[in-house]
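Read through the structure below, which is laid out as structure tokens, and then see the notes.
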Amino acid sequence: MVGYLLAPMQGVALAATAFAAQAIGARRGDRRGAITRIATVLNVLIGAPVLCVICLFPQIVLSWLVTDPDTLSIASRALLIALWSYLLFGIGNVLAGVMRSTGVVVWPAGIPIAAIWLVQLPIAYLASRWLGLDGIWIGYPAGFIAALLALVIYYGLIWRHRPHQ
């Protein structure tokens with residue numbers, strides 16, 4: 001189910017990467033900010049309606065793929081806990097892609113990896129001790145929030161002020 005939400009949002013992020021690289025190649029690096037804003041808005045405009053449909057009707061949507069009532073119940077709960085945060089993941093992909101288009105690779109790749117290891121996994125582990133299976137799903141939003149915050153900080157305070165062609 002997550003794939004139906006992520007695929008179009010990842011497409012927008014990849015397009016932003018390509019457009020930003022083309023702007024730099026055309027010596028129009030001043031367009032990077034507009035490309036980032038437009039791709040972020042598109043990500044939300046594409047992702048939010050899909051997210052709303054899935055969250056409003058999780059049992060119906062999941063029943064296309066799952067028939068076991070227990071599995072359907074667990075999957076519905078997991079979607080309601082974690083799915084909204086994939087919108088944040090999509091926005092983070094836009095920021096990371098635009099930064100990668102300028103040749104900056106380590107930070108846009110390292111930040112999400114660090115968020116998984118330092119935030120998502122520990123929170124999923126600790127929350128699962130108190131909340132059971134639901135606690136594992138809480139790790140996803142926590143990791144995505146941490147990654148997006150770190151990407152926004154790096155983008156706004158460091159990357160944006162570096163000279164790019």
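The first residue of the sequence shown is numbered 1, and numbering continues consecutively from there.
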**OP:** Could you tell me the separation between the CD1 atom of Ile138 and the CD1 atom of Ile123, rounded to the nearest 0.5 Å?
**Re:** 9.0 Å
Original post:
Are Leu133 and Ile136 side-chain neighbours, meaning at least one heavy-atom pair lies under 4.5 Å?
Top reply: yes
**OP:** For Arg77 and Ile74, indicate whether the former's side chain and the latter's backbone hold a donor-acceptor pair under 3.5 Å.
**Re:** no
Subject >> Nearest atoms (heavy-atom pairs only) where Gln120 meets Gly139 >> reply: CG-O, 3.1 Å
Original post:
Are the side chains of Tyr125 and Leu121 in touch, meaning some heavy atoms are under 4.5 Å apart?
Top reply: no
**OP:** Kindly compute the distance separating CE (Met99) from CZ (Arg162), expressed to the nearest 0.5 Å.
**Re:** 10.5 Å
Original post:
Would the Trp107 and Tyr154 ring centres measure less than 6.0 Å apart?
Top reply: yes
**OP:** Mind checking the OG1-CG spacing from Thr71 to Leu62? Nearest 0.5 Å is all I need.
**Re:** 10.5 Å
Subject >> Check: Ser73 side chain, Asp70 main-chain N or O, donor-acceptor pair, under 3.5 Å >> reply: no
Subject >> Co-membership, hydrophobic cluster, residues Leu95 and Ile35, 4.5 Å side-chain >> reply: no
Subject >> Spacing of CG belonging to Asn93 relative to CG belonging to Leu14, to within rounding of 0.5 Å >> reply: 8.0 Å
Subject >> Straight-line distance of Ile38 CD1 to Leu45 CG, nearest 0.5 Å >> reply: 11.5 Å
**OP:** Could you state whether Leu56 and Leu80 fall into the same hydrophobic cluster, counting links through intermediate Ile, Leu, Val, Met, Phe, Trp or Tyr residues with side-chain heavy atoms under 4.5 angstrom apart?
**Re:** no
Original post:
Under a single-linkage definition using a 4.5 Å side-chain heavy-atom cutoff for Ile, Leu, Val, Met, Phe, Trp and Tyr, are Ile116 and Val119 assigned to the same hydrophobic cluster?
Top reply: no
**OP:** Evaluate the side-chain contact (heavy atoms from CB on, under 4.5 Å) criterion for residues Phe144 and Leu148: first the C-alpha distance (whole Å), next the side-chain angles of each, then the deciding distance (0.1 Å), finally the verdict.
**Re:** CA-CA 6 Å; Phe144 294 158; Leu148 181 59; over 6 Å; no
Original post:
Would Val2 and Ile145 show up in the same hydrophobic cluster when neighbours are defined by side-chain heavy atoms closer than 4.5 Å?
Top reply: yes
Subject >> Minimal non-hydrogen separation, Pro112 against Ala147, with atom names >> reply: CA-CB, 4.2 Å
Original post:
Roughly how far, to the nearest 0.5 Å, is the CD1 atom of Ile46 from the CG atom of Leu5?
Top reply: 10.5 Å
**OP:** Could you tell me how the ring of Tyr155 sits relative to the ring of Trp159: parallel (under 30°), tilted (30 to 60°) or perpendicular (over 60°)?
**Re:** parallel
Original post:
Can you tell which of Trp84, Phe89, Tyr86 makes a side chain to side chain contact (heavy atoms under 4.5 Å, CB included) with Pro141?
Top reply: Trp84
Original post:
Ile91 versus Met9: any side-chain heavy-atom pair under 4.5 Å?
Top reply: no
Original post:
What is the minimum heavy-atom distance between Val98 and Thr17, and which atoms define it?
Top reply: N-OG1, 4.1 Å
Subject >> Asn43 side chain to Gly90 backbone, donor-acceptor under 3.5 Å >> reply: yes
Original post:
Is it the case that one hydrophobic cluster holds both Ile113 and Val106, taking links as side-chain heavy atoms less than 4.5 Å apart, direct or via other members?
Top reply: no
Subject >> Main-chain N/O of Ser63 paired to Thr67 side chain as donor or acceptor, under 3.5 Å >> reply: no
Subject >> Minimum heavy-atom distance between Tyr140 and Ser85, given as atom pair plus value >> reply: C-OG, 4.1 Å
**OP:** Of all the heavy-atom pairs spanning Cys55 and Leu79, show the shortest one and how long it is.
**Re:** SG-O, 4.4 Å
Subject >> For His161 against Gly156, the heavy-atom pair lying closest together >> reply: NE2-O, 3.1 Å
